[in-house]
Amino acid sequence: MREREKIRSSCSSNSMIMQKLYTPPQQLSSVLRSLESCKSMEDLKQIHSIVLKTKHFQTHLVWTKFISFCALSPLGNLHYAALVFDKVDNPSVNLYNVIIRAFASSKEKTSLENILYFYCEMLESGVIPDNFTIPFVLKACTKEKALREGEIVHCYAVKTGILSDVYVKNTLMRLYAVCGLYHAVKKLFTGSAQRDLVSWTTLIQAYANTDLPEEAVRAFLEMVETEFRADGKTMVIVLSACSKLKDLNLGRKLHRYMSDNKVNLDVFVGNALVDMYLKCGDVDFACKVFKEMPIKNVVSWNSLIAGLTHQGKFKEALNVFRRMQSEGVKPDNVTLVGVLNSCANLGALELGEWVHSYIGGNRIKPDGFIGNALVDMYAKCGRIDQASEVFKNMKRRDVFSYTSMIVGLAMNGQGEKALEFFSEMCVVGIKPNGVTFIGVLSACSHAGLVQEGKQLFKEMSSLYKIEPQMEHYGCLVDLLGRAGLIAEAIEFVRTMPIEPDTFIWGSLLGSCKTHGELELAETIMKKLVEIEPDKDGAYVVMSNIYSSANRQKDAIEIRKTMKERKIKKIPGCSVIELDGIVHEFRKGDKSHLRTKEIYSMLDEVMNGRNAIKNRKESSCHCVTKFISRVYEREIIVRDRNRFHHFKGGSCSCNDFW
DNA sequence: CTAGGGTTAG
């Protein structure tokens with residue numbers, strides 16, 4: 001009884017197979033039929049044993065059928081099939097194609113190795129690869145970007161003339177496209193007498209992959225004008241090229257082309273459309289397309305979340321994430337990176353912490369993208385300790401991990417510590433990039449490390465071979481200006497090789513404010529107004545400079561000019577996260593549900609402040625210092641550039657802002 | 001029996 005149970009459980013409950021076990025089939029055809037009704041690997045093994053026991057079943061037809069089924073069916077086993085294959089005498093082209101095809105479409109790491117083994121064996125034993133074999137082999141080469149191996153196959157295809165087969169040529173073009181060799185793709189394409197939609201699509205992709213989106217679009221237009229109508233697969237590639245170009249007009253044309261030509265709007269095309277509209281800046285239309293997509297997958301949600309984050313619509317991105325949660329769609333790594341990025345930019349620490357624990361709960365390793373996004377989130381939310389905790393626990397740290405830490409430390413007023421991380425990263429052999437230097441230079445600026453900053457700026461091009469961009473010049477101007485070396489800053493701006501932008505002038509103006517350089521400020525203000533006459537920034541700073549110099553008349557004059565020129569002061573926006581909800585406040589804004597309570601509290605604070613008769617400085621920074629003392633609260637505030645840790649009436653930034 | 005698709009950090 002027990003033995004029977006064992007046999008029964010080792011087979012599936014398919015009674016037909018059980019019968020066959022006791023009464024082996026006499027007919028070859030019945031062996032083939034029983035193959036088709038297999039329900040599990042165990043069934044397959046039973047058939048294998050029947051074939052092995054009976055000599056007259058061991059024909060090429062049976063082996064081919066058996067190996068096909070075992071290698072290609074989801075209930076089969078590729079390695080078992082390969083073992084059976086090794087026992088077959090003189091396998092046919094067909095049989096080789098079966099086993100090579102199976103390895104080419106498997107996710108195995110060793111698939112290329114196995115395929116090349118079979119391919120060589122085939123050539124050695126005099127079996128000639130055909131127009132099916134070559135595409136399978138090339139597919140595996142493409143997966144591994146095995147260019148050298150692919151080139152050998154290319155040679156074979158040229159020598160035997162099989163390159164004229166359109167499938168062979170297209171798979172070869174695809175290999176070169178994926179490896180970024182668009183010249184090789186173009187050459188094959190041009191020299192081809194016979195080309196189809198896939199050939200064109202591969203050419204378009206070759207351009208798109210090599211960062212030549214204009215060329216990709218040009219090829220697409222040529223195709224639709226001369227030869228073929230595009231399908232969904234072509235459109236996905238063209239749309240993503242359009243996303244790179246950020247060309248909304250083109251994007252709309254492509255969308256119209258799709259409706260005019262009835263291109264099926266499947267989930268891939270829909271995702272590409274959502275991505276395109278977001279990257280081209282049409283957020284509303286992206287949401288509309290997303291809403292109308294009949295089928296969505298996790299990538300659709302990711303595209304929307306990442307795209308909104310990219311457009312600076314952080315609050316909206318988090319709202320989409322909440323909707324995704326409520327619809328029961330499971331987030332993946334890409335989702336969480338997007339969410340963390342939004343948290344970082346909003347300072348939404350609570351949600352960021354939730355994501356961190358979600359990652360822990362789902363055994364996602366906080367490494368790579370996720371780890372870096374966590375470090376960045378904590379650093380930008382002012383939690384340097386947690387940031388460095390995640391950083392320490394990462395198995396592999398790259399330039400992004402270090403840069404996040406350096407930028408974070410600089411923002412939080414720990415300039416020296418930032419420079420320590422910079423040296424460490426150089427010691428462990430990670431090459432800094434342009435963004436790292438923005439962090440390093442702003443760390444020097446904040447910590448008042450003038451000599452170090454100047455030195456690093458020099459080394460940036462001489463030692464690290466990074467060409468300084470506008471932001472880097474800006475950092476140095478900031479560094480000199482804040483340190484009161486205004487003359488040197490001016491000289492630096494005068495001699496820099498690129499035309500200074502408004503940020504550089506703005507930074508100088510800020511320094512003039514801090515160091516009371518009134519006349520110079522007036523000159524710079526004129527310059528700024530020249531460059532961007534309808535921006536409010538320069539006017540506001542200048543009027544503040546006049547006010548602090550007790551020149552109220554001039555300050556009022558500036559406000560008057562602003563009114564005359566119809567320049568409105570853009571109200572600043574403050575953001576606070578409470579219990580995972582982000583609240584926004586603007587000057588005079590009464591839209592919050594608890595406006596009454598909020599304003600009455602504000603009145604109380606301001607009354608308290610007026611009572612101590614110290615109204616001269618009424619900046620937000622000053623008021624927050626006051627609040628931290630009177631209400632005994634530790635307050636962490638982030639402005640556009642850095643963090644302020646207020647405690648007991650003073651601030652970590654040493655009033656350096 | 002064969003080839004082509006979208007999202008990702010500073």
Side-chain angles (χ1 to χ4, degrees), chain A residues 64 68 71-72 93-102 104-105 130-139 142 165-175 177-178 196-206 208-209 230-241 243 266-276 278-279 296-310 332-342 344-345 367-377 379-380 398-408 432-439 471:
Chain A
T64 305
S68 308
L72 294 168
V93 188
N94 244 332
L95 190 51
Y96 272 111
N97 286 351
V98 163
I99 199 80
I100 289 175
R101 177 191 172 201
S105 47
D130 65 6
N131 55 324
F132 291 102
T133 324
I134 305 296
F136 295 140
V137 177
L138 287 173
K139 185 181 176 181
T142 304
D165 182 278
V166 69
Y167 277 88
V168 171
K169 190 166 302 186
N170 287 346
T171 36
L172 193 57
M173 278 171 54
R174 172 149 171 78
L175 169 71
V178 167
D196 60 8
L197 181 58
V198 177
S199 325
W200 276 98
T201 306
T202 309
L203 178 71
I204 293 168
Q205 193 180 32
N209 269 2
D231 69 1
K233 293 188 184 200
T234 320
M235 289 318 300
V236 168
I237 297 165
V238 183
L239 284 169
S240 89
S243 306
D266 66 11
V267 67
F268 287 100
V269 179
N271 292 346
L273 264 179
V274 169
D275 179 57
M276 181 279 290
L278 281 164
K279 295 243 170 85
K296 298 183 184 89
N297 60 16
V298 66
V299 178
S300 322
W301 291 94
N302 290 352
S303 299
L304 193 54
I305 291 171
L308 287 168
T309 307
H310 213 76
D332 67 4
N333 276 14
V334 179
T335 325
L336 299 177
V337 168
V339 171
L340 283 171
N341 194 357
S342 278
N345 283 291
D367 235 9
F369 277 70
I370 281 276
N372 290 343
L374 273 174
V375 170
D376 189 50
M377 183 276 293
K380 287 226 176 89
D398 60 13
V399 58
F400 296 107
S401 335
Y402 273 96
T403 302
S404 288
M405 281 306 294
I406 291 167
V407 171
N433 63 20
V435 182
T436 318
F437 273 96
I438 292 177
E471 295 93 318

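Both backbone and side-chain heavy atoms feed into the values below; hydrogens, waters and symmetry mates do not. Order of the sequence lines sets the chain letters (A, B, ...), proteins ahead of strands, with each chain counted from 1.
A:K279 comes within 4.0 angstrom of the backbone, heavy atoms only, and of no base. Among the atoms of the strands shown, only primed sugar atoms or phosphate atoms (P, OP1, OP2) are found under 4.0 Å from some heavy atom of A:K139. A:N297 comes within contact range of at least one nucleobase, with a heavy-atom separation under 4.0 Å. Nucleic acid contact for A:T234: base, since at least one base atom lies under 4.0 Å from a heavy atom of the residue. Counting any heavy atom pair closer than 4.0 Å across all strands shown, A:D332 reaches no nucleic acid atom. Residue contacts shown for A:V299 include a base, since a base heavy atom lies under 4.0 Å away. Among the atoms of the strands shown, base atoms are found under 4.0 Å from some heavy atom of A:D196. If you check every strand for non-hydrogen atoms under 4.0 Å, A:S303 touches sugar and phosphate atoms only.
Residues A:S199 and A:V166 approach most closely at OG-CG2, 4.2 Å, considering heavy atoms. The two atoms that bring A:M276 and A:S243 nearest to each other are CA-OG, 3.2 Å, heavy atoms only. The two atoms that bring A:F132 and A:N97 nearest to each other are CB-ND2, 3.5 Å, heavy atoms only.
Checked against B:dA9, B:dG5, B:dT2, the side chain of A:V269 finds its nearest nucleotide in B:dG5. Considering only the side chain of A:A306, B:dT8 comes nearest among B:dT8, B:dC1, B:dG4. Of the candidate nucleotides B:dA9, B:dG4, B:dC1, B:dA9 has the atom nearest to the side chain of A:F400. With distances taken from any side-chain atom of A:V198 to the nucleotides B:dT7, B:dA3, B:dT2, the minimum falls on B:dA3. In this structure, of B:dG5, B:dA9, B:dC1, it is B:dG5 that holds the atom nearest to the side chain of A:K233. In the set B:dA9, B:dT8, B:dG4, the nucleotide with an atom closest to the side chain of A:L197 is B:dG4. Closest to the A:V236 side chain, of the nucleotides B:dG4, B:dG5, B:dT8, is B:dG5. Which of B:dG4, B:dT2, B:dA9 sits closest to the side chain of A:N341 comes down to B:dA9. Closest approach to the A:D266 side chain among B:dC1, B:dG4, B:dG5 is made by B:dG5 (side chain taken as heavy atoms from C-beta onward). Among B:dA3, B:dT7, B:dG5, the nucleotide with an atom closest to any side-chain atom of A:N302 is B:dT7.
Between A:V407 and A:I438, every side-chain heavy-atom pair lies at or beyond the 4.5 Å cut-off.
No N or O donor and acceptor, one from the side chain of A:S240 and one from the base of B:dG5, sit under 3.5 Å apart.
Rounding to whole angstrom units, CG of residue A:L273 and P of B:dT7 are separated by 12 Å. Protein atom CZ of A:R101 is 5 Å distant from nucleotide atom C1' of B:dC1, rounded to whole Å. As rounded to whole Å, 11 Å separates atom C1' of B:dG4 from atom CG of A:N209. Between the CG atom of A:L172 and the P atom of B:dT2 there is a distance of 19 Å, given to the nearest Å.
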- [ ] Go through the steps to decide whether A:N345 and A:S342 satisfy the test side chain to side chain donor-acceptor pair (under 3.5 Å), and finish with yes or no.
- [x] CA-CA 5 Å; A:N345 283 291; A:S342 278; over 6 Å; no
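Stacking between A:Y167 and B:dT2 is shown: the ring centroid lies under 5.5 Å from the centre of the six-membered base ring, and the planes differ by under 30°. By the 5.5 angstrom centroid cut-off and the 30-degree plane limit, A:F136 is classified as not stacked against the base of B:dT2. Both thresholds, 5.5 Å between centres and 30° between ring planes, are met by A:F369 relative to the base of B:dA9, so the two rings are stacked.
Using modelled atom types, no side-chain atom of A:N372 and backbone atom of A:V375 make a donor-acceptor pair closer than 3.5 Å.
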